Every structure is written in C-alpha cells, then in structure tokens.
Amino acid sequence: EPEPDPDLNPEPNVDTVIAVGTVSGVPGDTVNVPVVISNNTGIEAIQMELTYSEGLKLTGVLTGTALSEHTFTPSGTYDVYPFNLMWDGTSNSISNGTMLTLIFRIDDEATEGQYNINLQYKEGKIYNHDMENINPSIVQGVVNVSDYIPGDINGDHDVTVKDVTF
C-alpha cells in the first residue's frame, strides 16, 4: 500500500486544508472521490502528485468549482503514476469547495479492505501571489471495498425493489 512520503507534505503553515474523500464500493464499481479545499488563505499555484493503492485504476478527473479561475493541468494520460495535478493562475484564488472529483474503477479481483488515495507535494510547490510558500494540511482518502452493499439482499450489487421481494 502506498504511504505518504515522509519527505513530502511539509509542516502546515496555514489553516488551509485539502481533503481527499472516503467512499465505498464493491469490486468492479466506479467510484467518485471528491478533493475539497477549505479555509483557503490564497493560492496562486499548486503542483501535487496523486498516488493510490493497487486495486484502484484512475479513469477520470473532473474539475470542481474551487480554483476554477486557475488553469488546471493534469498528467497527459490516466495511466501515469504518480499522477500529477497542477493549477496555475495570475492571482490568488481564495475559493473553497470541490477542487476535483477523482474517478476510480475498483478492480474486479479487489479484496475487501481499505485502498489508500494520497495527495503529496514538496515545499515550494504551493504558493501565493507574493511567492510565499503555502503549506496546507492534507487529509488522505480511502476507498473502502467490501463484497456486500447494505440493502442488497439478492447479491446482485445493486439495491433495487427486487431486494424488497426477497
């Protein structure tokens, strides 16, 4: 399982938090994982890398409303690992909310358990318009994989009215 690199994600120097969501799914599912920024003190540029557990496959990245005034540049293809994420602007963005939605497919052979999603950055890769380093706190995400969906009585991996009749 990938663990955050101890040489990355420096000690926070602002109240800004970038949090990767925690979601659940079953093998073969596609899950949407939000990445949310809060208490944004003002950011002009961000360069981060995304790593994730084997058993997950990144299949898409959707931009959100936060930092939408900046240019977003991801790695060229989704099979690049680690996957790079970059926002660049000409002034500070102080917007909060969803920065991204990461779309992962859970491998058909994935076993039950927690699959990590890590965002990491190096000192100096996030800064404001005055070129001051911004070191936000990072909350890492998880995809909880189980072989059962609550309410799925007939075991077809979908909760429908059919489950009521079982």
Side-chain angles (χ1 to χ4, degrees), residues 1-12 15-40 46-68 72-87 95-123 125-126 135-166:
E1 295 299 307
E3 292 295 326
D5 186 325
D7 295 332
L8 300 177
N9 294 350
E11 190 68 33
D15 291 335
T16 304
V17 176
I18 297 175
V20 183
T22 294
V23 300
S24 298
V26 297
D29 269 1
T30 296
V31 293
N32 295 332
V33 181
V35 178
V36 175
I37 188 168
S38 58
N39 298 319
N40 184 353
I46 298 177
Q47 184 177 349
M48 303 180 85
E49 66 179 29
L50 171 71
T51 60
Y52 46 89
S53 297
E54 192 173 322
L56 298 177
K57 178 177 175 56
L58 184 66
T59 61
V61 176
L62 302 174
T63 55
T65 55
L67 305 177
S68 60
F72 174 67
T73 308
S75 290
T77 61
Y78 295 123
D79 57 356
V80 172
Y81 189 91
F83 191 78
N84 290 303
L85 306 164
M86 199 164 53
W87 288 261
S95 59
N96 292 297
T98 302
M99 298 168 60
L100 290 174
T101 299
L102 303 169
I103 304 169
F104 287 97
R105 185 173 187 288
I106 303 170
D107 190 87
D108 292 333
E109 306 304 315
T111 57
E112 236 179 338
Q114 292 189 332
Y115 292 74
N116 297 330
I117 302 170
N118 300 318
L119 277 181
Q120 302 176 120
Y121 65 96
K122 293 180 182 171
E123 181 82 37
K125 296 294 185 177
I126 302 176
N135 297 341
S137 299
I138 304 292
V139 177
Q140 307 300 354
V142 172
V143 175
N144 290 305
V145 176
S146 67
D147 57 5
Y148 171 74
I149 299 173
D152 179 22
I153 306 302
N154 65 2
D156 67 354
H157 295 281
D158 198 12
V159 178
T160 65
V161 74
K162 292 178 183 176
D163 295 301
V164 176
T165 61
F166 238 78

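Computation of the quantities below employed the complete heavy-atom set of this structure, encompassing side-chain atoms and omitting hydrogens, waters and symmetry-equivalent molecules. Nothing here was measured: the structure is a model prediction, and the numbers come from that model.
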S.K.: Please confirm whether the backbone N or O of Leu50 pairs with a side-chain atom of Gln120, one donor and one acceptor, at under 3.5 Å?
M.R.: no

S.K.: side-chain contact (heavy atoms from CB on, under 4.5 Å) for Ser137 and Thr16? Distances and angles first, verdict last.
M.R.: CA-CA 6 Å; Ser137 299; Thr16 304; over 6 Å; no

S.K.: Could you tell me the separation between the CG atom of Asp79 and the NZ atom of Lys57, rounded to the nearest 0.5 Å?
M.R.: 6.0 Å

S.K.: Can you check whether Asn96's main-chain N or O pairs, donor with acceptor, with Asn40's side chain at less than 3.5 Å?
M.R.: no

S.K.: Within a strict 4.5 Å, meaning less than it, do heavy atoms of the Val33 and Val143 side chains meet?
M.R.: yes

S.K.: Please name the pair of heavy atoms, one in Pro136 and one in Tyr121, separated by the smallest distance, quoted to 0.1 Å.
M.R.: O-OH, 2.8 Å

S.K.: What I'd like to find out is whether the side chain of Glu112 reaches to under 4.5 Å of the side chain of Asp147, using heavy atoms alone.
M.R.: yes

S.K.: For a 4.5 angstrom cut-off between non-hydrogen side-chain atoms, does Asp107 reach Leu56?
M.R.: no

S.K.: So, for Ser75 and Pro82, which heavy atoms are closest and what is the spacing to 0.1 Å?
M.R.: OG-O, 4.5 Å

S.K.: Find the distance between CE (Met99) and CD1 (Ile46) and round it off to the nearest 0.5 Å.
M.R.: 4.0 Å

S.K.: Tell me the closest heavy-atom pair linking Ala110 and Ile106, and the distance in Å.
M.R.: CB-CG2, 3.7 Å

S.K.: Would you find a donor on one side and an acceptor on the other, under 3.5 Å apart, between the side chain of Asp29 and the backbone of Val31?
M.R.: no

S.K.: Say you draw a straight line from CG of Leu85 to CE of Met48; how long is it, rounded to the nearest 0.5 Å?
M.R.: 7.5 Å

S.K.: Quick one: OG on Ser53 to CG on Asn118, what's the gap to the nearest 0.5 Å?
M.R.: 7.0 Å

S.K.: Report the distance from atom CD1 of Ile117 to atom CZ of Phe83, rounding to the nearest 0.5 Å.
M.R.: 13.0 Å

S.K.: Once rounded to the nearest 0.5 Å, what's the spacing between atom OG1 of Thr30 and atom CG of Asn32?
M.R.: 8.0 Å

S.K.: So, Tyr81 versus Tyr52, ring centres under 6.0 angstrom or not?
M.R.: yes

S.K.: Tell me the closest heavy-atom pair linking Ile37 and Ser95, and the distance in Å.
M.R.: CG2-O, 3.7 Å

S.K.: Could you tell me if the side chain of Tyr78 sits less than 4.5 Å from the side chain of Leu58, heavy atoms only?
M.R.: yes

S.K.: Any non-hydrogen side-chain atom of Ile18 less than 4.5 Å from a side-chain atom of Val36?
M.R.: no

S.K.: State, with a plain yes or no, whether a side-chain heavy atom of Phe72 is found less than 4.5 Å away from one of Val61.
M.R.: yes

